[in-house]
Amino acid sequence: MNLDDPKLTAFALGELPPAERPVMEAELTAHPEFAAEVAETREMAGILRTGLKSEPAGELAPHQRDAIFRAARMAQRGEVPASERPAPLISPKAHWWNRPGPWQAVAACAVIGLGISARMQLQAPDTERTLSNVGVERLRSLANNSVSGTAQGAQGNSMESNPTRRGPRVIGSLNPDLAGADLARSANRPGPPTDSTVSEILKSLGKEAGRMQEGTVYADLAQVFRPMAGVAGRYEMIRCPSIKVDVEFGSADGQALTTAPTPESKIRKISKPYLETE
Amino acid sequence: MTPPPATDLRGLLDRYERPLIRYAQGIVGDLESARDVVQDTFIRYVRITAGEGEEEDSMHTTPDVSGDGQVATQAPPPALDASNTKHVEAWLFTVTRNRALDYIRKHSRIIAMPLAEDRESPEMAPDETLASRDAADWLLKLLDALTPNQREVIRLKFQNDLSYQEISDITGLSVTNVGFLLHVGLKKLRSILREAPLDAIPVRLRTAL
């Protein structure tokens, strides 16, 4: 045996088979350099155990735990839908911004937001602009290119547009038969939902959601998010319910709160905002 | 096989979630992907224990090239005996490892050590967290001097208290190879430490010297 024999390390780590231990112990007695080697290896092992066990470790997000329990319940019933197959190994990242579905939800939120904005402008009194300020040809062109949306636009919660039509896209309800003054106001409507506009809305939503952090009280959270029925700890954004966060509140002694939060309850843990379109 | 009751599953998650995420993070390189891998592992677990059988596994058939050109092989997951804690542990680590290697193969990732900003703090007092982070960061930098295989067996051995045999089952390496990798890895670390000035070693670790 020499100093480079892996058996020395195996002995130091308690991995040498019992039958070989007496021989090794005799070797250590006879060769102090072997004993020193074993002692050094044990020291190094101690450092590694202490250091590596104190390495901080992440944990699953609440929605990931929920997915596991959901899968367990479904497996018990013998159901394994394709949608339950874990996404991470299909998509490059689990980040929601890399999936198409959530973007559709965000786009929907953005379009609804723009629709509300457009509607408000349509309904706002307009003393500045009159029919004479707008060329008749432009109005005609606008009327020809416009699309009739659904009447639900009046409530500002559902809009339609025709993606195949070229030219100005109309957000909300715009009818070519509108009276001239209304049409003139319509000419002053916001432009189509460009990428930059969607980005701005998204940024605004993200900023608002991002203000919720550990230490934020429930009263402040409730200004932006509302609890989801039937899913403990999950909150949906009031402005865009597809955006959700998982929240755990803490008690006064810093432990997880097991009862309903009070307005003063502080957030103990909060996930990053994510999209859930189901 | 009867699926584990929800309470057992919760206990299993509580016990293994962090070690598995830490292990997966050491392979895939970032926390978010590691979480996805571990979620996938547990979903497989509940399905297999519910009697849905082993799913298609490219595992153990496709070697993967790690950062330094060494081949990281995948081991077939052992038969899952949910009533045996050690079996469950070995199964979870094996499947986590295989899914993590699948993940980096599919995304052409190079095995990398986790970045400090990817690590999450466990629930500890601020001073304790700082000291732990300091010691762990220092050690992880030290481990960068090793090959991915050496790092992996060292993590499994000292972070998760697994035996040579268990590491062999998880990694598909022979017990002799595991012993050799540990031996060489430890010697290399010792030689680096020997040359490091004492005050460069975090206080928390000096007590182990």
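- A 4.5 Å side-chain heavy-atom check between B/Phe42 and A/Arg65 finds every atom pair outside the cut-off.
- Residues A/Ile47 and B/Leu189 have side chains not in contact (no heavy-atom distance under 4.5 Å, counting atoms from C-beta outward).
- Looking only at distances, a side-chain donor or acceptor of B/Arg35 sits under 3.5 Å from a matching main-chain atom of A/Glu59.
- Comparing A/Glu40, A/Arg73, A/Lys7 by how many heavy-atom pairs each has under 4.5 Å with chain B, the most go to A/Glu40.
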May I have the step-by-step check of side chain to side chain contact (heavy atoms under 4.5 Å, CB included) for B/Tyr45 and A/Ile68, ending in yes or no? CA-CA 9 Å; B/Tyr45 173 81; A/Ile68 292 167; over 6 Å; no
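- Summarising the geometry, atom CG belonging to B/Leu143 is positioned 9.0 Å from atom CD belonging to A/Glu55; distances are rounded to the nearest 0.5 Å.
- Contact detail for A/Gly58 and B/Ile21: the closest heavy-atom pair is O-CD1, 3.5 Å.
- In this structure, B/Phe158 CZ and A/Thr50 OG1 are separated by 11.0 Å, a value rounded to the nearest 0.5 Å.
- In this structure the side chain of A/Asp4 reaches within 4.5 angstrom of the side chain of B/Lys187, judged on heavy atoms.
- With a 4.5 angstrom heavy-atom cutoff, A/Glu15 touches chain B only via side-chain atoms.
- When side chains are defined from C-beta on, B/Gln39 does not count as touching A/His63, because their heavy atoms never get closer than 4.5 Å.
- Between the side chains of B/His183 and A/Asp5, not a single donor N or O lies within less than 3.5 Å of an accepting N or O.
- Neither the backbone nor the side chain of A/Leu8 comes within contact range of chain B; no heavy atoms are under 4.5 Å apart.
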